[in-house]
Enquirer: 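Handing you this structure, nothing more for now.
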Amino acid sequence: MAIKRSSDNPEPPKQTRKKTSIKQSNYEVTLLSPQANTQESEQNEDKIRPQKLADYIGQKKLKGILQMAIAAAKEREDPLDHLLLYGPPGLGKTTMSLILAAEMGVDCKITSAPALERPRDITGLLVSLKPGDIIFIDEIHRLNRMTEELLYPAMEDFRLDVTIGKGQTAKTRSIPLPPFTLVGATTKAGALSSPLRDRFGIIQRLRFYELDELTLIVKRTAEILNAAITETGAIEIARRSRGTPRIANRLLRRVRDYVQVERVETITEELAATAMNLFDVDAQGLDWTDRLVLNTIIEQFHGGPVGLEAIAAATGEDRKTIEEVYEPYLLQNGYLSRTHRGRTVTAKTYRHLGYAPQEPEAKQTELW
Ligand code: ADE
């Protein structure tokens, strides 16, 4: 994977350079062509990522929709429609974008909204595109207004409207862009402005993975890493992965370290469980921070309801991290419920953390 900075970005087309003098900026972009793979430290990561849609496990509905979009775009010789992927982190938004590029035979430039601070960051990126290329913008809900407004004509008409000069002498120029595809990724689809959201032709949510899908992912990664694992060993890691491939692969690496140090050849269910307990990942996959959040709500706020700000202050965790990284899984799996008055733990949480169930919360949440 080659990290591309301003200095080694492809030159913009000559005609474009004559008309304007857009300075190349220092945005951080990963330029990936299907063949690109240079840095050794990142080779393992690249090896683990599925490269083709056929190798991508799970997200069946999304795969079906994209398969159709790819076939249709190829037939028409058009770029893919702009695509918005939303859902919790670690579910494969970047991977899917790289797969789309590989399937379409184009390059994928990866960046994130916080890296597109100045107008020249996005203009520099856009003028460096080749026809059909994909731009992947992570955390797209965090784009600033100026960048977002530059994207509107770029997405809609493949046109860049730039202002040259200042004050009364300022002029607006339109620069034609090659047709391209924007893939936006966000954990918060609701935080996107409607004009931006409306410019995506395909909007899809990534879901947490099922146990059998995660088990397949663990086995696939283990094979790539040359780590021997039993079926039940893979299931044990999958069970503790919070429905998230990134966590499954991370846990597998840690368990692999453990068995290596213990001089054991194969990852079994028992060894996997021992290793993950050691890393503070419990039988349901809750980690130290999950338990801190839940214990805090029980011990300091009588089980809730309590606001996010108060939880963040009491745990010392970042509010956004709690909301975007920890909460989705806890909510979806019935450890937490969200009401207009704040967050409340459930009877399942009391049981799981070894507390006696509380009335009336236990009764109210027994439905989980
Ligand atoms: N590695 C990470 N996510 C994956 C997925 N969805 N399919 C296969 N391998 C993966």
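We count ligands from 1, going down the list as the structure has it; atoms in each ligand are counted the same way.
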Enquirer: Looking at Arg205 and Gly87, would you say the former's side chain and the latter's main chain have a donor-acceptor pair under 3.5 Å?
Expert: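 Not confirmed, Arg205 side chain does not pair with Gly87 backbone.
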Enquirer: Report, in ascending order of atom number, the atoms of ligand 1 lying under 4.0 Å from any heavy atom of Asp55.
Expert: 7 (N), 8 (C)
Enquirer: When you measure from the side chain of Glu213 to the backbone of Glu210, do you find a donor-acceptor pair of N or O atoms at a distance under 3.5 Å?
Expert: yes
Enquirer: For the pair Asp157 (side chain) and Pro153 (backbone), establish whether a donor and an acceptor sit closer than 3.5 Å, ignoring hydrogens and angles.
Expert: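 No; judged by distance alone, with no hydrogens or angles, the pair does not exist.
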Enquirer: For a side-chain hydrogen bond (donor to acceptor under 3.5 Å, both in side chains) with Tyr152, tell me which candidate from Glu156, Glu148, Glu149 qualifies.
Expert: Glu148
Enquirer: Can you say whether the rings of Phe200 and His82 are parallel (under 30°), tilted (30 to 60°) or perpendicular (over 60°)?
Expert: perpendicular
Enquirer: Return the closest protein heavy atom for atom 7 (N) of ligand 1 as residue, atom name and distance.
Expert: Ile57 N, 2.8 Å
Enquirer: Taking the six-membered ring of Tyr335 (Phe, Tyr or Trp), confirm whether the NZ or CZ of Lys348 is under 6.0 Å from its centre and within 45° of its axis.
Expert: yes
Enquirer: Is Thr221 close to ligand 1, meaning an N/O of one under 3.5 Å from an N/O of the other?
Expert: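 No - when backbone and side-chain N and O of Thr221 are compared with those of ligand 1, no distance drops under 3.5 Å.
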Enquirer: Side chain, backbone, both or neither: which part of Ile217 comes within less than 4.0 Å of ligand 1 when only heavy atoms are counted?
Expert: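 Side chain only.
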Enquirer: Can you list the ligand 1 atoms lying under 4.0 Å from a non-hydrogen atom of Asn249?
Expert: 1 (N), 2 (C)
Enquirer: Please write down residue, atom name and distance for the protein heavy atom closest to atom 3 (N) of ligand 1.
Expert: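 Protein heavy atom with the smallest distance to atom 3 (N) of ligand 1: Pro245 CB, 3.4 Å.
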Enquirer: With a cut-off of 4.0 Å, which atoms of ligand 1 are near a heavy atom of Pro50?
Expert: 1 (N), 7 (N), 8 (C), 9 (N), 10 (C)
Enquirer: Relative to ligand 1, is Arg49 under 4.0 angstrom through side chain, backbone, both or neither, heavy atoms considered?
Expert: neither
